[in-house]
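Single-structure report; data block below.
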Amino acid sequence: MATLTTEELENKELTRQYKELLRISYQSLSPKDKKMIREAFNVAVDAHKEQRRKSGEPYVFHPIAVARIVASEIGMDAVSIAAALLHDVVEDTPYTLSDIERLFGKTVAVIVDGLTKISHLNKDKDVSNQAENFRKMLLTLNEDIRVIIIKIADRLHNMQTMDSMPADKQVKIASETLYIYAPLAHRIGLYNIKNELEDLGLKYTEPEVYNDIYEKIEESKEQREEYIKDFTNIIKASLDKEKLEYKIKGRHKSVYSIRRKMLNSNVSFDEIYDKFAIRIIYNSDRDSEKFFAWKIYSIVTDHFRPNPIRLRDWMSSPKSTGYEALHITVVGPKGKWVEVQIRSERMDEIAEKGYAAHYKYKQGDESEIGIETWLNRLQETLENPNGNAVDFVEEFKLNLYAKEIFVFTPKGELKSLPKGATPLDFAFHIHTGIGLTTRGARVNGKLVPLNHELKSGDQVEIITSSTQKPNANWLEYVITARARSKIKNALREDHKRIAELGKEILTRKLKHLKIKADEKIFHELAAYLKLKTSFDLFYRAGSGSLENYQIKDFVSQRSNKFISFFKSKMRRESGEIDDVKQEVTANYDMLVFGKNEEKLDYKIANCCNPIPGDDVFGFVTVSEGIKVHKKDCPNAIAMQSNYAYRILKAKWEDSTQREFKATLKINGIDNIGLVNEVTKVISNNMHVNMQSVSFESDSGLFNGKVVVVVRNNTILKKLIDNLKKINGIDKVQRV
Ligand code: MN
């Protein structure tokens with residue numbers, strides 16, 4: 001057969017399908033809506049033009065079928081129909097998300113983006129392991145709930161057309177459907193779709209069981225119709241007498257729910273008494289609906305004995321999904337129990353389509369507002385499972401929204417983190433090596449600070465650099481224990497390296513002063529400087545905060561043995577308490593206040609006399625500035641309860657460990673390589689972190705601004721000196 005003919009046929013089919021899509025839309029569509037759908041249709045056809053499905057048909061028939069489900073069976077709005085048409089475009093074709101946004105606006109783009117993320121996830125081979133995470137993520141996603149609805153429609157169509165797939169894939173997809181999508185469909189009130197998903201799921205996971213039950217249902221069809229006829233005949237006269245317009249239908253239980261019942265109650269197919277329900281659907285205006293329902297109820301129970309504990313009034317209190325009806329189980333013809341569902345036509349449509357129908361009825365031509373309201377309600381329903389909601393939610397109550405968020409790697413892998421986690425937590429979660437070399441992070445493509453709080457659905461990318469090292473501030477950026485302990489370890493390692501270097505430096509300096517460096521001398525010097533251990537001494541030497549004059553002073557006082565002896569005697573005599581105090585002071589010599597840990601003037605409170613290292617807080621007094629109290633000061637509770645706003649957070653710090661920011665202005669004559677030279681000097685300088693840098697050159701003059709983070713002034717001075725040595729640099733100033 002000539003390919004042209006096939007193409008022509010396919011084009012004809014496309015036109016037909018487009019018209020039908022508009023015709024079957026449950027919501028009424030404005031000319032603007034139709035235009036958007038038309039454009040989405042064209043983009044989908046164009047984007048997928050080279051692709052075919054496994055069955056051989058053009059790929060675009062799939063998004064069209066999904067759009068049909070969305071438009072007709074679920075009854076969604078034009079935005080959803082357009083997004084359904086486009087749902088695989090970004091994933092599989094050269095079109096990008098910004099193309100979609102440009103052509104169809106932000107809302108459609110957000111929905112397509114959500115769908116693309118989910119489908120990334122599905123390509124992950126490990127999806128069954130991730131299923132639990134995945135399900136939770138779907139529910140915690142803060143995006144448009146239409147993403148979930150379209151995804152359900154997508155899955156339904158894939159399940160309907162799964163025959164040409166390899167068997168192992170069928171089983172995998174079917175299990176996922178049973179585990180994730182059917183419960184979701186139930187949750188948002190798409191009962192018909194839920195039943196179909198479950199039946200198809202069973203068909204591919206347990207084909208024999210499915211076929212067995214399916215055949216038995218078919219076999220019993222006649223019997224069932226007979227039964228409904230008997231039932232109808234008994235009440236027909238009474239209903240007609242009331243001049244009611246009504247239909248009586250028998251609705252069979254789904255294959256899946258019969259299977260479940262067989263398993264749960266351990267009974268055979270024949271022993272299940274309520275394999276189908278009888279539906280009485282009546283015509284009524286809004287005002288008389290309830291009245292008629294109870295009238296029908298009374299007629300039914302006049303003829304058949306009801307089981308009063310099986311009365312369900314979903315009219316007075318509808319389900320959270322919007323379902324309304326009156327259910328009663330009665331002893332029907334032949335003495336069999338049968339459930340009777342009494343619904344108006346409006347209620348019946350709600351049962352089929354959920355809130356979409358609800359709001360169509362409620363708001364008439366304001367259907368736009370209607371659907372928005374519905375979507376919000378659905379979102380709420382998903383977010384707040386409560387006693388009134390459908391039964392399966394128990395397990396969701398555990399974790400929903402409480403403690404976990406779910407974020408994506410750039411490859412679309414899903415990771416679970418505790419709520420409040422930051423990109424730095426994420427980096428350590430991926431790999432310690434990545435965490436330790438984190439330089440920055442992008443969330444959804446935008447650069448964010450390392451302490452940015454992540455949200456469910458975020459895509460997180462970590463930027464690393466081999467020269468990056470953790471610093472003490474990082475401990476404040478992370479909330480996971482894993483990240484914290486890795487950072488602490490790294491800092492400890494770093495301190496050790498600095499101390500080792502410091503020992504060498506110190507040995508050299510002492511040698512210079514004709515003193516043989518040994519453990520004894522180090523110990524003496526540490527004691528002289530009121531440091532706790534020789535490690536602290538080495539660390540100071542290594543980090544550049546030990547001044548040369550301090551060493552010289554030590555050497556000269558040491559040479560005077562008499563003074564030295566006298567001093568040590570004094571120290572011994574001054575008693576134990578002082579020694580303890582000195583020890584603590586050695587590590588905590590500075591108080592900082594508030595969230596920004598500022599250095600402020602303060603006085604020590606007389607009532608509790610805190611010493612360095614105590615847990616303390618600052619209290620802003622009326623006339624004496626900040627007074628520092630111990631947290632367990634007898635007056636603390638009174639101050640905190642009466643003057644909470646005057647309380648300042650306070651913390652003891654080791655001044656040599658504290659980092660501060662300095663801005664340097666650099667001027668000089670512009671020449672090639674100067675910028676390079678400057679950044680090289682800064683990054684080669686130990687213990688200096690560059691936070692921001694900007695350079696400009698103006699008619700041969702060079703102006704630079706660099707913000708650096710350093711531990712102390714000595715280091716900063718050294719850096720400035722080194723910068724000044726660069727050829728062409730004229731001035732380096734701290735501002
Ligand atoms: Mn799809």
Side-chain angles (χ1 to χ4, degrees), residues 10 13-14 17-18 21 37 40-74 76 79-97 99-100 104 108-125 127 130-131 134-135 137-138 141 143-166 169-170 172-182 184-185 190 193 196-197 200-201 204 408 412 414:
E10 282 171 6
E13 176 62 14
L14 281 175
Q17 294 218 11
Y18 170 70
L21 180 60
I37 294 169
F41 195 93
N42 289 341
V43 167
V45 169
D46 178 57
H48 295 297
K49 61 177 181 273
E50 309 290 349
Q51 289 173 282
R52 303 224 154 226
R53 297 194 89 201
K54 285 231 164 60
S55 57
E57 64 169 8
Y59 189 87
V60 72
F61 287 166
H62 163 66
I64 295 171
V66 174
R68 288 172 54 124
I69 295 169
V70 166
S72 160
E73 282 187 53
I74 311 182
M76 300 292 293
V79 163
S80 309
I81 298 171
L85 285 167
L86 300 165
H87 81 269
D88 280 332
V89 160
V90 173
E91 176 67 14
D92 296 337
T93 80
Y95 279 84
T96 65
L97 201 60
D99 293 333
I100 302 292
F104 301 98
V108 173
V110 165
I111 296 172
V112 171
D113 186 34
L115 289 159
T116 308
K117 276 179 182 166
I118 294 173
S119 98
H120 265 298
L121 197 68
N122 276 351
K123 286 193 174 152
D124 199 309
K125 289 208 176 69
V127 79
Q130 296 201 359
F134 181 67
R135 179 156 84 166
M137 194 273 312
L138 280 178
L141 216 68
E143 279 172 70
D144 203 305
I145 193 172
R146 283 174 282 205
V147 171
I148 293 174
I149 293 171
I150 296 168
K151 187 62 207 171
I152 290 172
D154 180 36
R155 178 50 60 107
L156 177 61
H157 185 246
N158 284 334
M159 290 293 293
Q160 286 166 341
T161 54
M162 210 158 56
D163 278 336
S164 37
M165 278 216 179
K169 264 201 161 168
Q170 288 177 344
K172 200 190 117 200
I173 294 174
S175 332
E176 202 184 270
T177 301
L178 288 175
Y179 189 67
I180 298 169
Y181 293 98
L184 266 177
L190 304 171
I193 289 181
E196 198 178 342
L197 287 174
L200 287 165
Y204 289 102
F408 294 96
L414 191 65

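Note that ligands are numbered from 1 as they come in the structure, with each ligand's atoms numbered from 1 the same way. Computation of the quantities below employed the complete heavy-atom set of this structure, encompassing side-chain atoms and omitting hydrogens, waters and symmetry-equivalent molecules.
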Inset, instruction - Would you check if Leu21 and Ile81 make a side-chain contact, meaning some heavy-atom pair closer than 4.5 Å? - result: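 The answer is yes; the side chains approach within 4.5 Å.
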
Inset, instruction - Could you please tell me which protein N, O or S atoms lie under 2.8 Å from the Mn ion (ligand 1)? - result: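 Those protein N, O or S atoms (cut-off: under 2.8 Å from the Mn ion (ligand 1)) are His62 NE2, His87 NE2, Asp88 OD2, Asp154 OD1.
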
Inset, instruction - Apply the side chain to side chain donor-acceptor pair (under 3.5 Å) test between His62 and each candidate in Gln51, Glu57, His157; give the one that qualifies. - result: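 Single side chain to side chain donor-acceptor pair (under 3.5 Å) partner of His62 among Gln51, Glu57, His157: His157.
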
Legend entry - Polar side chain donor-acceptor pair, Thr116 to Asp113, under 3.5 angstrom: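 Checked: Thr116/Asp113 side chains show no N/O donor-acceptor pair below 3.5 Å.
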
Legend entry - Rounded distance (nearest 0.5 Å) linking atom CE of Met159 with atom CE of Met165: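 One finds 10.0 Å between CE of Met159 and CE of Met165.
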
Legend entry - With sequence neighbours excluded, residues passing ring pair (Phe, Tyr, Trp, His ring centres under 6.0 Å) with His48: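 His48: ring pair (Phe, Tyr, Trp, His ring centres under 6.0 Å) contacts with Tyr59.
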
Inset, instruction - Among Val66, Val147, Leu86, find the one that has a side chain to side chain contact (heavy atoms under 4.5 Å, CB included) with Leu115. - result: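 Looking at Val66, Val147, Leu86, the match for Leu115 under the side chain to side chain contact (heavy atoms under 4.5 Å, CB included) is Val147.
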
